[in-house]
Amino acid sequence: MRLALGTVQFGLDYGISNHAGEVADAELGDILTLARKLAMDTLDTAQAYGKAEARLGVCNTTDFRVITKLSPNIDAADLAVSLESSLKRLARPSVEGLLLHRSQDASPALFERLADLQHQGKVGKVGVSVYSPEELTRWLEQGYPLELVQLPANLLDQRFLRAGWLDRLQAMGCEIHVRSLFLQGLLLMQPALRPPYFDAFREPLSRLDEWQPHRSPLHKALALIPALPQVSRFVVGVCHAHELAAIASTYAHLHPCHDDDLGTLACDEPALINPALWRTS
């Protein structure tokens with residue numbers, strides 16, 4: 001199973017299409033139970049995801065790999081205490097992966113301390129969550145270790161694929177996780193329900209709407225997965241167990257798409273593919 005469970009909705013009211021707010025306690029339990037049944041083995045969380053780590057800690061997550069991210073602006077001197085706080089919230093002695101939430105927080109001193117924590121068995125793979133191919137270029141130029149990377153990719157945002165980064169990372173032995181497969185839920189919304197902000201991007205969104213019209217928005221969004229064999233896990237977030245069931249059912253019936261066909265949907269407009277730049281309220 002190449003799907004991983006994202007947990008930002010466990011701690012924050014997150015996502016442009018999310019009208020349910022934070023996931024309720026009972027629903028959280030149902031989601032984790034279903035994830036186990038589906039043989040999903042990885043949870044993606046972060047210190048910046050509100051109460052997500054603490055809520056996972058109340059549950060038994062020993063049968064999952066847990067990947068968490070350090071808070072933005074983390075300082076090397078605070079790293080050990082910050083990780084211990086995460087482990088206490090998660091009720092775990094260690095995590096399988098620890099990422100910087102921002103590449104600009106990297107420093108030689110920080111990675112010296114990360115190496116110590118790895119030797120102590122508290123951290124598995126280390127790496128970074130990135131937002132652009134240029135960040136990866138700078139990261140490797142600075143010589144920082146990269147055992148695990150999380151990056152955005154979806155039908156509109158194909159920058160890392162088109163720049164050859166997925167092949168390069170795989171050749172390095174780096175584990176690749178993809179987030180933003182649904183672009184915060186935008187790719188699953190019916191056109192009439194998109195906020196007015198997206199009217200300015202009518203052309204790329206119309207191409208998406210008209211592409212494979214016999215497919216549901218969910219099937220279209222997941223169609224990228226077979227085209228990215230280099231990726232170990234695709235992180236998907238849900239608010240309800242029935243949403244995860246629908247994702248898993250569709251995932252089980254995917255068929256490969258031609259790269260040229262997918263390439264017609266690619267868009268390089270930052271104001272569309274980077275949710276941090278959206279102005280929807």
Side-chain angles (χ1 to χ4, degrees), residues 3-36 38 40-74 78-79 81-103 105 122-124 127-131 148 150-152 154 177-186 188 233-245 247 274-276 278 280-281:
L3 297 178
L5 182 61
T7 66
V8 62
Q9 290 95 338
F10 293 0
L12 297 172
D13 182 353
Y14 178 86
I16 193 170
S17 62
N18 177 12
H19 302 296
E22 289 182 28
V23 175
D25 289 340
E27 196 71 41
L28 190 156
D30 290 345
I31 291 169
L32 290 175
T33 297
L34 179 58
R36 291 184 178 94
L38 295 170
M40 297 175 71
D41 64 359
T42 303
L43 302 176
D44 176 80
T45 192
Q47 294 177 347
Y49 289 174
K51 302 188 294 285
E53 287 185 332
R55 296 187 73 194
L56 287 173
V58 175
C59 308
N60 180 3
T61 64
T62 56
D63 49 344
F64 289 101
R65 298 172 69 217
V66 171
I67 313 298
T68 195
K69 307 177 197 72
L70 295 161
S71 293
N73 301 311
I74 186 71
D78 301 325
L79 176 60
V81 171
S82 181
L83 175 63
E84 286 298 334
S85 295
S86 272
L87 295 178
K88 183 176 181 180
R89 286 190 294 269
L90 289 164
R92 296 174 65 99
S94 63
V95 288
E96 284 72 21
L98 185 63
L99 305 178
L100 270 69
H101 215 138
R102 304 189 320 165
S103 62
D105 292 335
K122 295 182 178 181
V123 174
V128 64
S129 173
V130 294
Y131 298 82
L148 174 62
Q150 187 184 105
L151 53 86
N154 52 66
H177 290 192
V178 157
R179 68 174 184 277
S180 203
L181 194 60
F182 303 141
L183 197 54
Q184 275 202 22
L186 176 67
L188 304 182
R233 296 291 183 273
F234 291 84
V235 179
V236 294
V238 298
C239 292
H240 302 282
H242 68 80
E243 295 171 343
L244 183 58
I247 291 170
N274 183 355
W278 293 352
T280 57
S281 58

Residues in side-chain contact (heavy atoms from CB on, under 4.5 Å) with Ala52, at least two apart? Thr7, Phe10, Thr45, Tyr49
Once you round to the nearest 0.5 Å, how far does OG1 of Thr68 lie from CD of Glu96? 11.5 Å
Sequence-distant partners of Ala48, side-chain contact (heavy atoms from CB on, under 4.5 Å), two or more places apart: Pro72, His101
How many angstroms lie between atom NE2 of His177 and atom CZ of Phe234, to the nearest 0.5 angstrom? 10.5 Å
What pair of heavy atoms forms the shortest contact from Thr42 to Phe64, and how long is it? N-CD2, 4.1 Å
Across all chains, not counting sequence neighbours, the side-chain contact (heavy atoms from CB on, under 4.5 Å) partners of Ser82 are Gln47, Leu70, Ile74
Are Leu3 and Leu244 packed together at the side-chain level, in the sense that at least one heavy-atom pair is separated by less than 4.5 angstrom? no
Test side chain to side chain contact (heavy atoms under 4.5 Å, CB included) on Cys59 and Leu28; report intermediate values, then the result. CA-CA 9 Å; Cys59 308; Leu28 190 156; 3.5 Å; yes
Nearest heavy-atom approach of Leu34 to Ala245 is CD2-N, 3.7 Å
Which atoms form the tightest heavy-atom contact between Arg92 and Thr61, and what is the distance? NH1-O, 2.6 Å
Nearest heavy-atom contact between Arg233 and Ala4 is CB-CB, 4.0 Å
Search all heavy atoms of Leu183 against all heavy atoms of Pro275 and return the closest pair with its distance. CD1-CG, 4.0 Å
Could you grab the distance from atom SG of Cys239 to atom CD1 of Ile31, nearest 0.5 Å is fine? 7.0 Å
Can you pull the salt bridge (charged side-chain N to carboxylate O under 4.0 Å, His left out) pairs that have at least one residue in residues 52-71, sequence neighbours excluded? Asp25-Arg55, Arg36-Asp63, Asp44-Lys69, Glu53-Arg89, Arg65-Glu175
Can you list everything that forms a salt bridge (Lys or Arg N to Asp or Glu O under 4.0 Å) with Glu243? Sequence neighbours excluded, please. none
For Tyr131 and Pro152, which heavy atoms make the closest approach, and how far apart are they? O-CG, 4.1 Å
Would you say that Val66 contacts Leu56 through its side chain, given a criterion of any heavy-atom pair below 4.5 Å between the two side chains? no
Qualifying residues under salt bridge (Lys or Arg N to Asp or Glu O under 4.0 Å), relative to Lys88, sequence neighbours excluded: none
Can you find a heavy atom in the side chain of Gln9 that is under 4.5 Å from one in the side chain of Val238? no
Residues which pass side chain to side chain donor-acceptor pair (under 3.5 Å) with Ser85, listed by chain and number, not counting sequence neighbours: none
My understanding is that only residues two or more places apart in sequence, or in another chain, count here; which of them pass salt bridge (Lys or Arg N to Asp or Glu O under 4.0 Å) with Asp105? Arg102
Value for CG (Leu38) from OG1 (Thr33), rounded to nearest 0.5 Å, stands at 11.0 Å
Who are the side chain to side chain donor-acceptor pair (under 3.5 Å) partners of Asn274, not counting sequence neighbours? none
Quick one: OG on Ser71 to CG on Asp78, what's the gap to the nearest 0.5 Å? 10.0 Å
